[in-house]
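Report on the following structure.
Below, chains carry the letters A, B, ... as their sequence lines are ordered, and counting in each starts from 1.
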Amino acid sequence: MASKIQPVKGTREFYPEQMFLRNFIYEKVRAASQAFGYQEWDAPFIEPIDLYAAKSGEELVKKQSFTFQDRGGDFVTLRPELTPSLTRMIAAKQGELTFPLRWWSFGPFWRYEQPQKGRSREFFQWNIDMLGVDSPLADAELIAVAAAFLRSVGLNPLLASIYVNNRRLMESEFDALGIIPEKRLEVSNLVDRRSKMEPAKWDAYALELGLTQKQVDGLKNILSNFELWKKSDELTRLFAALEALGVKEYVKFNPNIMRGLLYYTGTVFEAYETSGSLKRAILGGGRYDNLLADVGGPPLPAVGFAMGDVVIGIILQEYGLLPEFIPTPAAVLVTLFDITMWIKSFELAVQLRNAGLNVMVYPEPVKLQKQFKFADRMKMKIALTVGPDEAANDQVAVKNLVNGEQVTVKREAVVEFIRKILARV
RNA sequence: GAGCCUGUAGCUCAACGGCAGAGCGCUACACUGUGGCUGUAGAUGUUGUGGGUUCGAAACCCAUCAGGCUCCCCA
């Protein structure tokens with residue numbers, strides 16, 4: 001019967017099948033990161049609340065994070081993001097680290113938000129950053145890492161795109177429209193929201209913010225000008241680098257990408273699935289040259305991005321891009337013929353494991369029919385049986401569960417025989 | 001913080017005021033040394049929980065819990 005105690009809201013239980021998906025994502029993340037020479041690292045999962053309160057708004061930390069008092073009375077927070085920890089760790093060992101720094105991480109994060117499609121309260125996030133270089137070439141590299149990941153999971157440029165913009169470019173365009181700096185945050189949110197709102201509503205909302213009709217029209221011109229990047233030296237160099245890196249087909253300039261005004265200073269980018277069925281970014285990031293100094297760290301230019309496991313997981317499942325789930329890591333089952341034969345089965349299993357094979361022994365002498373059915377359902381490839389006849393002749397019955405063929409072989413030949421079958425299936 | 005929707009067998013769902021059902025899965029047998037495919041038979045329910053309306057409630061009403069979706073937010 002089901003337990004009355006439910007999992008905490010917004011958490012996910014990882015049954016083997018979901019664990020397989022999580023590990024699949026992790027493997028691809030690691031491969032993409034390491035292909036470009038990034039080092040894996042991690043930080044504590046719980047941090048002092050002050051680490052976040054300094055940078056993020058007090059409100060954000062209190063309302064949108066898991067914070068509690070430990071037994072000593074100190075306030076601690078389950079990490080909602082990684083950058084503050086990164087900053088601290090860089091500052092602590094600044095003199096010992098070899099720059100430029102290329103670091104990546106994949107671990108759990110917690111945010112106290114309303115769970116919905118593509119968002120949970122406990123999730124895994126890939127963070128990858130390059131620190132110590134201020135150059136469009138570095139920006140291009142991070143975008144290339146993202147593209148390499150997308151490609152590796154089967155999301156080709158028709159299925160997913162990376163949209164790029166530049167904050168400095170937008171700032172200068174906003175200046176040209178005479179939008180005062182005090183309105184920048186609101187205008188930025190306005191831009192962010194454009195794809196979600198009906199055009200008429202969006203116009204009304206823009207006027208509500210106090211923009212003049214002329215400014216609204218100007219803004220719309222900017223946001224629909226997909227040639228705007230040519231005015232930016234940074235973006236021109238970025239796109240040239242992206243072409244050289246062989247990922248040009250994944251990347252499109254899009255003036256609607258803002259990512260708030262939080263701390264990005266230059267290039268910003270977000271990857272989306274192109275069908276738009278899920279209106280959430282797969283990943284997002286950009287250049288943040290002032291952040292480290294702003295929060296009391298070393299003054300280091302930086303670029304990076306983050307990707308949660310939830311959105312990408314949904315997309316991979318919807319597109320059927322996951323490899324077949326194999327329930328057990330053991331391809332071989334040794335059946336238990338009856339209670340008198342158990343020692344033979346165990347000995348056989350040991351022999352096979354010593355030869356490096358993953359082997360499961362059925363743990364009770366139930367009907368062979370049931371044991372074979374179990375092997376079938378676990379998608380195992382081979383079932384071995386040692387009954388009285390085989391035992392008397394020092395043999396093993398080897399059944400290939402994929403094609404149904406069964407052969408009785410000498411015990412000393414069984415490892416080689418199994419290897420041959422496994423090489424074929 | 002706000003709105004909408006959904007909770008029925010292990011799973012997916014039907015029944016929409018009148019006997020709680022189907023498909024899948026499960027168990028047994030056909031097949032006492034062998035899975036998948038097939039056939040036959042069988043088991044499985046506090047209809048999320050608590051209350052109310054009614055001759056009668058899975059259905060209607062109230063409360064509550066849980067989940068989903070959307071808005072807000074998204075480091």
So which nucleotide from B:G33, B:G68, B:G36 ends up closest to the side chain of A:Lys373? B:G36
Indicate, with a heavy-atom threshold strictly under 4.0 Å, whether A:Lys399 touches base, sugar-phosphate, or nothing. base
Would you call the rings of A:Trp41 and A:Trp103 parallel, tilted or perpendicular if under 30° counts as parallel and over 60° as perpendicular? tilted
Note: A:Arg30-A:Glu40 ion pair, threshold 4.0 Å (strictly below): no
Send over the distance from A:Leu336 CG to B:U34 C1', rounded to a whole Å. 15 Å
Provide the closest heavy-atom pair for A:Ile382 versus A:Val398 in the form atom of the first, atom of the second, distance. CG2-CG1, 3.9 Å
Looking at A:Trp126 versus A:Tyr26, is the centre-to-centre ring distance below 6.0 Å? no
So which nucleotide from B:C73, B:C69, B:U34 ends up closest to the side chain of A:Gln64? B:C73
At under 4.0 Å between heavy atoms, what does A:Gln406 touch on the DNA or RNA strands: base, sugar-phosphate, or nothing? base
A:Lys117, nearest nucleotide to its side chain (from B:G1, B:G35, B:C69): B:C69
P atoms of B:G33 and B:G25, separation to the nearest Å: 27 Å
What integer number of Å spans the C1' atoms of B:G67 and B:C61? 23 Å
Under the 3.5 Å rule, do the base of B:C69 and the side chain of A:Arg119 count as making a donor-acceptor pair? no
On a whole-Å scale, what distance lies between the C1' atoms belonging to B:U12 and B:C26? 16 Å
Scan A:Asp389 against the nucleic acid and name what it touches under 4.0 Å (heavy atoms): base, sugar-phosphate only, or nothing. base
Which of these nucleotides, B:G1, B:C29, B:A75, is closest to any side-chain atom of A:Lys367? B:C29
Which nucleotide in B:G33, B:U70, B:A75 has an atom nearest any side-chain atom of A:Glu390: B:G33
Does this structure show an ion pair linking A:Lys420 with A:Glu416, if we count only N-O contacts that are shorter than 4.0 Å? no
Are any of A:Lys370's side-chain N or O atoms less than 4.0 Å away from OP1 or OP2 of B:A28? no
Would you mind telling me which of B:C74, B:C26, B:A75 lies closest to the side-chain atoms of A:Arg280? B:C74
According to the interplanar angle, ranging from 0 to 90°, do the rings of A:Trp110 and A:Phe45 count as parallel (below 30°), tilted (30 to 60°) or perpendicular (above 60°)? tilted
In whole Å, what separates the P atom of B:A9 from that of B:U47? 10 Å
Would you mind classifying the nucleic acid contact of A:Val311 as base, sugar-phosphate or nothing, using non-hydrogen atoms under 4.0 angstrom? nothing
Using the C1' atom as the point on both nucleotides, what is the distance between B:A58 and B:U6, in whole Å? 14 Å
Salt-bridged, A:Lys344 to A:Glu390, with N to O below 4.0 Å? no
Going by purine N1 to pyrimidine N3 plus the second Watson-Crick contact, or the G-U wobble pair, all under 3.5 Å, which nucleotide sits opposite B:A9? none
B:A43 and B:G48, which share atom name C1', separated by this distance in whole Å: 24 Å
The nucleotide from B:U70, B:A75, B:C29 with an atom nearest the side chain of A:Glu81 is B:A75
Using a 4.0 Å heavy-atom cut-off, does A:Gln125 contact any base of the nucleic acid, only the sugar-phosphate backbone, or nothing at all? nothing
Same-atom distance (P) from B:A14 to B:C60, integer angstrom: 14 Å
Name the nucleic acid region contacted by A:Thr385, choosing base, sugar-phosphate or nothing; use a 4.0 angstrom heavy-atom cut-off, strictly under. base
Within the structure shown, what part of the strands sits under 4.0 Å from A:Phe337 by heavy-atom distance: base, sugar-phosphate, or nothing? base
Closer than 4.0 Å, any side-chain N/O of A:Gln369 to the OP1 or OP2 of B:G35? yes
When the C1' atoms of B:U44 and B:A28 are considered, how many whole Å apart are they? 15 Å
Taking the nucleotide of RNA chain B with the closest heavy atom to each, which residue, A:Asn189 or A:Gly10, is nearer the 5' end? A:Gly10
Using only side-chain N and O atoms of A:Arg193, determine if any of them is under 4.0 Å from OP1 or OP2 of B:C71. no
